[in-house]
Amino acid sequence: MHLTLETDYAMRIVFCLAKNQRRMDAASISEEMHVTLRFSLKILGKLAGAGIVNSYKGIKGGYELAHPAEEITLRQVVEAIEGRSYAISRCIVPDGECSRDRWGCCSFQKVWRDISDEVNVHMDRVNFAQLVQEDEALRQGKKQEE
């Protein structure tokens with residue numbers, strides 16, 4: 001399975017807030033991350049519900065990270081949007097579909113679970129402060145090449 005477009009956009013939105021380190025309105029986030037405003041608002045609502053971002057109303061309203069960027073991991077964003085951890089196959093998710101139900105757990109399920117667990121552990125190790133630092137380093141490298 002792949003991460004959904006919504007999850008991809010959610011990661012971009014959290015990255016944008018981490019990079020800018022300030023409260024931003026949804027329209028500015030949407031424009032900077034090239035995500036439609038309507039979709040951004042939907043995603044921001046999910047991120048706020050999961051406690052990843054804080055939402056403020058009014059003239060000085062907008063969105064900001066609810067925690068320091070180094071405390072927010074890729075896995076947290078995936079779980080906020082997908083409602084579960086990453087799973088490479090639908091047969092290992094709760095209520096997943098398995099055409100081999102009559103045999104119980106099969107060798108494929110074990111492999112998919114092991115791979116999925118490795119991906120989730122890796123996503124737990126990557127936080128948004130690291131991503132911002134890496135992005136800045138990549139941009140510096142490009143500038144030096146020019």
Side-chain angles (χ1 to χ4, degrees), residues 1-99 105-106 108-146:
M1 293 177 73
H2 63 279
L3 296 176
T4 64
L5 187 59
E6 183 177 17
T7 300
D8 180 89
Y9 286 170
M11 289 183 187
R12 292 184 200 192
I13 288 169
V14 174
F15 176 83
C16 177
L17 291 168
K19 181 180 75 165
N20 287 291
Q21 298 180 0
R22 63 181 170 84
R23 188 177 301 175
M24 297 179 71
D25 63 90
S28 297
I29 296 167
S30 170
E31 184 176 327
E32 187 171 329
M33 293 293 101
H34 305 285
V35 179
T36 65
L37 179 57
R38 185 174 177 182
F39 207 15
S40 293
L41 288 166
K42 177 184 175 190
I43 292 166
L44 284 160
K46 285 185 177 184
L47 293 170
I52 294 172
V53 301
N54 288 327
S55 169
Y56 300 91
K57 297 182 189 270
I59 292 175
K60 294 186 179 186
Y63 299 87
E64 65 186 10
L65 296 181
H67 307 279
E70 57 271 3
E71 294 177 14
I72 302 171
T73 67
L74 290 175
R75 184 174 180 175
Q76 290 171 316
V77 175
V78 169
E79 291 177 353
I81 303 303
E82 301 289 333
R84 60 176 169 76
S85 296
Y86 173 79
I88 195 168
S89 174
R90 67 181 185 271
C91 74
I92 62 170
V93 299
D95 301 325
E97 299 173 23
C98 179
S99 60
C105 185
C106 70
F108 289 104
Q109 283 180 320
K110 181 180 179 339
V111 171
W112 300 151
R113 189 171 314 285
D114 290 347
I115 292 169
S116 298
D117 288 347
E118 285 183 41
V119 170
N120 284 310
V121 166
H122 190 77
M123 286 194 299
D124 266 338
R125 291 183 186 136
V126 179
N127 66 58
F128 283 86
Q130 293 167 321
L131 293 169
V132 168
Q133 283 180 328
E134 187 172 322
D135 186 67
E136 289 171 1
L138 289 170
R139 289 179 190 276
Q140 289 295 345
K142 271 189 173 180
K143 286 180 184 176
Q144 291 175 0
E145 288 176 11
E146 293 174 352

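What you are looking at is a predicted structure, and each value in this text was computed from that prediction instead of being measured. Here, residue 1 is the first one in the sequence, and each next residue gets the next number.
Taken to the nearest 0.5 Å, the SG atom of C16 stands 10.0 Å off from the NE2 atom of H34. One distance of note links CG of L138 with CD of Q140; it measures 10.5 Å at 0.5 Å rounding. Between the NZ atom in K19 and the CG atom in L65 there is a gap of 13.0 Å [rounded to 0.5 Å]. Rounding to the nearest 0.5 Å places CZ of R113 at 12.5 Å from CD1 of I88. One distance of note links CG of L17 with CD1 of I29; it measures 4.5 Å at 0.5 Å rounding. One finds the CZ atom of F128 at 13.0 Å from the NE2 atom of H67 (value rounded to the nearest 0.5 Å).
Annotation: side chain of L131 is in contact with side chain of L74 (closest heavy-atom distance under 4.5 Å). Counting only heavy atoms from C-beta outward, the side chains of V126 and T73 never approach each other to under 4.5 Å. Using a 4.5 Å heavy-atom cutoff, the side chains of M123 and N120 are in contact. Within the 4.5 Å cutoff, the side chain of E6 has heavy atoms near those of the I43 side chain. Put simply, the side chain of E71 does not reach to within 4.5 Å of the side chain of N127, judged on heavy atoms. With a 4.5 Å cut-off on side-chain heavy atoms, L44 and S55 do not count as touching.
Within 6.0 Å of CD on E134 lie no more than 12 heavy atoms contributed by other residues, nucleotides or ligands.
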Output, in order, the C-alpha distance, side-chain angles, deciding distance and verdict of ring-ring contact (aromatic ring centres under 6.0 Å, His included) for F39 and Y9. CA-CA 9 Å; F39 207 15; Y9 286 170; 5.6 Å; yes
Would you check, one step at a time, whether the test side chain to side chain contact (heavy atoms under 4.5 Å, CB included) holds for S85 with R75? CA-CA 7 Å; S85 296; R75 184 174 180 175; 2.8 Å; yes
Audit row: M11, V78, side chain to side chain contact (heavy atoms under 4.5 Å, CB included) steps and yes/no: CA-CA 8 Å; M11 289 183 187; V78 169; 3.3 Å; yes
Could you check Y63 against L47 for side chain to side chain contact (heavy atoms under 4.5 Å, CB included), going step by step and ending with a plain yes or no? CA-CA 10 Å; Y63 299 87; L47 293 170; over 6 Å; no
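Between Q76 and I52, the shortest heavy-atom contact is O-CD1, 3.6 Å. Between S30 and T36, the closest heavy-atom pair is OG-C, 3.3 Å.
For the residue pair E32 / N20, a side-chain donor-acceptor distance below 3.5 Å is found, with atom types taken as modelled. Under the 3.5 Å distance criterion, with hydrogens and angles disregarded, no donor-acceptor pair is assigned to the side chains of Y86 and E79.
Listed for the T7 side chain is no donor-acceptor partner under 3.5 Å among the backbone atoms of L3. S28 places no side-chain N or O within donor-acceptor distance of the main-chain N or O of M24, the cut-off being under 3.5 Å.
Residues satisfying the salt bridge (charged side-chain N to carboxylate O under 4.0 Å, His left out) test with E82, not counting sequence neighbours, are none.
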